[in-house]
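Structure first, then comments.
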Amino acid sequence: MTAPPPVGAPPAVEKEKDERKPAKQKIDPWNVAGEVDEGGNVKAIDYDRLIEDFGVQPLTRAHLDRFEKVTGKPAHRLMRRKLFFSHRDFDKILDYYEQHGQFMLYTGRGPSSGSMHLGHTVPFLFTKELQELFDVPLVIMLTDDEKFLHTRNKNEGQMKAGSAPEDFLNFAHDNARDIIALGFDPKKTFMYSDYEFLGGHFYRNVSEFESMVTYNQASGAFGFNESTNIGLISFMAKQCVAAFPSSYPDLFGLPDYRAPDYDSSAKRRHKELASIPCLIPCAIDQEPYFRMVRDRSERMHDPHPKPALIMSKFLTALQGPGGKMSASDPNSAIFMSDSPAQIKNKINKHAFSGGQQTEEEHRRLGGNPDVDVAFTYLSYFLEDDAELEDLAKRYRAGEILTGEMKAKCISFVQGFVADFQKRREGVTEEVMREFMRPRRLVYGGNPNPVKKQKESSDGWAGAGSEAVGGGEGKEGKEGRGTKGERKAAKLAEKKAEKEAEKLALREKS
Ligand code: TRP
């Protein structure tokens, strides 16, 4: 195939030479690469190192206990198994939920291709189960714009066939159907493509946020340079303000301000929505975005609390702990569209084994479940800790062979993918459009918050989605926060930070 002629391309940039020189691990929203040692070998990602580099907190047993106390349910298996392993302010979100009963969940997906793989589904399943546990509203952002801009940037400004904005919008629709097929509840879930939805109060938040980020700050956080297209440089503001409930007034029963019917009562953004806190489950490569938003949310015209984060590791590629599942390498991943036979072949052929070379050796020396991919995948799905521990023990003892571990994994994954495919068939255009329609979400939250609605002063608390008034014109009444209010918020923030530090120290010692 000959390359299509470039459309309106800026001057090409000299490609950086990519020899495998020794290099530190590099993790950002567009790159995930382990350290390369002197010999040119790529090492497994060092997550402890990431915790330090990013300055995030490890998720500890104390957090799991707190989670169990607040929800009355066991901590999620992906937290117990440390796939979700770090956080910012997770404890504060739990406190808030205990006191006031609600928060907003926010996650997303960059639709870089039409097919999702097993690795993509895991964080969504986690989010779904959190949503069920807490009974709170969820927004899912599909960043078709980000993926278009990133792809064009990668292509040195050239517009290649199959990578126009519309192509990424199509991927967003395909991915939306996949995500819906995981079983989200349309009553409490709103999903949107950036190309379709951005506008109204959301765009007002984007604009304000952009005004708080300089080029130096953006390039510092994301590694941009003078050759990066300005769309990609400014994109970050969109992913950041997507964490603000005030970007989606419709979901909370308040009017937005958009074409064609401008509701004059909604000319100003709704300040009462600004106080709703947000929890973001995401993979740790998204941390740079949310560091930016946490540093600025309280400086918004209507100050928003810093969004809390719960962050995961990357899903192991079939080839083993060094890489991650990647849509561009079909042998590294199990796709949600794979047939039972494909799943079987891929796992049997490509799944890295922690077992020994021969059966005799395996029986004698035992296997290592920690690096065994079949075991690792099972750990994402098996609910019962004791059963999983038993599998690990027997694998170590050489009682279970690699083939047996793989067979167990294959049957699990086949079942999961088959159920998924059945549900996916039912996700019609109509079903998809229902999820993507801005509308008031219905959810219950914590049935027994400590502070009943009336006692709380922040306007968003207590029982159910009734908490935010049904769209009476709030304009003008709230006005902008006074200097004193903002100062108080700053002080409160400082205090909270000190407390978090203390907690962290306590955990360390
Ligand atoms: N940038 C993310 C990606 O490329 C998509 C995304 C948008 C996201 N908002 C998010 C992911 C919030 C996690 C949480 O996949």
Side-chain angles (χ1 to χ4, degrees), residues 27-32 54 56 78 83-84 86-88 90 93 103-117 119-128 130-131 137-154 168-169 171-172 174-176 178-179 182 184 189-198 202 205-206 209 218 221-223 231-245 247-248 278-294 297 306-315 324-328:
I27 313 285
D28 65 46
W30 304 290
N31 303 285
V32 173
F54 284 168
V56 298
L78 294 177
L83 185 73
F84 280 82
S86 66
H87 78 104
R88 284 186 194 271
F90 186 61
I93 274 285
F103 56 87
M104 181 182 90
L105 275 168
Y106 157 46
T107 192
R109 149 123 185 111
S112 50
S113 81
S115 44
M116 282 175 65
H117 60 57
H120 296 135
T121 67
V122 171
F124 281 108
L125 283 177
F126 177 71
T127 305
K128 184 190 107 153
L130 284 189
Q131 183 188 30
L138 163 67
V139 297
I140 302 175
M141 176 187 219
L142 300 168
T143 55
D144 38 13
D145 51 350
E146 175 193 23
K147 289 298 159 181
F148 163 71
L149 292 162
H150 168 63
T151 304
R152 187 149 189 178
N153 203 61
K154 219 173 50 186
F168 291 92
L169 176 58
F171 291 156
D174 290 338
N175 290 181
D178 283 349
I179 293 166
L182 294 172
F184 286 99
T189 307
F190 174 58
M191 177 153 41
Y192 58 97
S193 127
D194 287 354
Y195 281 136
E196 289 177 352
F197 177 68
L198 265 54
F202 195 121
N205 280 339
V206 169
F209 200 86
F222 295 94
L232 193 59
I233 295 170
S234 66
F235 164 76
M236 47 140 316
K238 301 173 185 85
Q239 179 157 334
C240 286
V241 306
F244 296 159
S247 297
Y248 321 91
C278 174
L279 171 65
I280 313 174
C282 62
I284 192 150
D285 62 332
Q286 301 296 309
E287 199 276 338
Y289 284 110
F290 302 125
R291 190 185 321 152
M292 299 293 283
V293 72
R294 286 173 53 87
S297 61
K306 290 176 197 255
L309 304 172
I310 181 155
M311 288 167 284
S312 74
K313 301 175 184 171
F314 307 109
L315 248 90
K324 78 171 193 134
M325 280 197 179
S326 157
S328 49

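Whatever order the structure lists ligands and atoms in, that order sets their numbers, starting from 1. Note that these values count all heavy atoms, side chains included, but never hydrogens, waters or copies made by symmetry.
No part of F235 comes within 4.0 Å of ligand 1, judged by heavy-atom distances. Contacts between R109 and ligand 1, counted as non-hydrogen atom pairs separated by less than 4.0 Å, involve the backbone only.
For ligand 1, the polar-atom distance check finds an N/O of G110 within less than 3.5 Å of one of the ligand's N/O atoms.
Taking the six-membered ring where tryptophan is involved, the planes of H87 and F90 are perpendicular, since the angle between them exceeds 60° and thus also 30°. Using cut-offs of 30° and 60° on the angle between ring planes, the pair Y248 and F197 is parallel. Between F171 and F168, the ring planes lie perpendicular to each other; the angle is over 60°, past the 30° to 60° tilted range.
Ligand-side atoms of ligand 1 in range of Q286: 1 (N), 2 (C), 3 (C), range being under 4.0 angstrom from any heavy atom. Here is the list of ligand 1 atoms found below 4.0 Å of a heavy atom in I280: 14 (C). Each of the atoms 5 (C), 7 (C) of ligand 1 lies under 4.0 Å from some heavy atom of T143. For ligand 1 and K147, the ligand atoms under 4.0 Å from any heavy atom of the residue are 4 (O). Within ligand 1, counting atoms from 1 as listed, the ones closer than 4.0 Å to a heavy atom of M141 are 7 (C), 9 (N). Atoms of ligand 1 found under 4.0 Å from any heavy atom of C282, numbered from 1 in the order shown, are 13 (C), 14 (C). Each of the atoms 10 (C), 12 (C), 13 (C), 14 (C) of ligand 1 lies under 4.0 Å from some heavy atom of T107.
Aromatic rings from Y106 and F244 are positioned such that their centres are separated by 6.0 Å or more.
Looking only at heavy atoms of the protein, atom 9 (N) of ligand 1 is closest to Y106 OH, 2.8 Å. Annotation: atom 11 (C) of ligand 1 to nearest protein heavy atom, G108 O, 3.3 Å.
Side chain of T107 to main chain of P281: a donor-acceptor pair is present (N/O by atom type, distance under 3.5 Å, no hydrogens or angles). The backbone N or O of Y195 lies less than 3.5 Å from a partner atom in the side chain of D144, making a donor-acceptor pair. N175 places a side-chain N or O within 3.5 Å of a backbone atom of S113 that can act as its donor or acceptor partner.
Donor-acceptor pairing under 3.5 Å is recorded for the side chains of Q131 and T189.
Between R88 and E287 there is a salt bridge, since at least one side-chain N of the basic residue sits less than 4.0 Å from a carboxylate O of the acidic one.
For the pair F290 and ligand 1, a heavy-atom separation below 4.0 Å is found.
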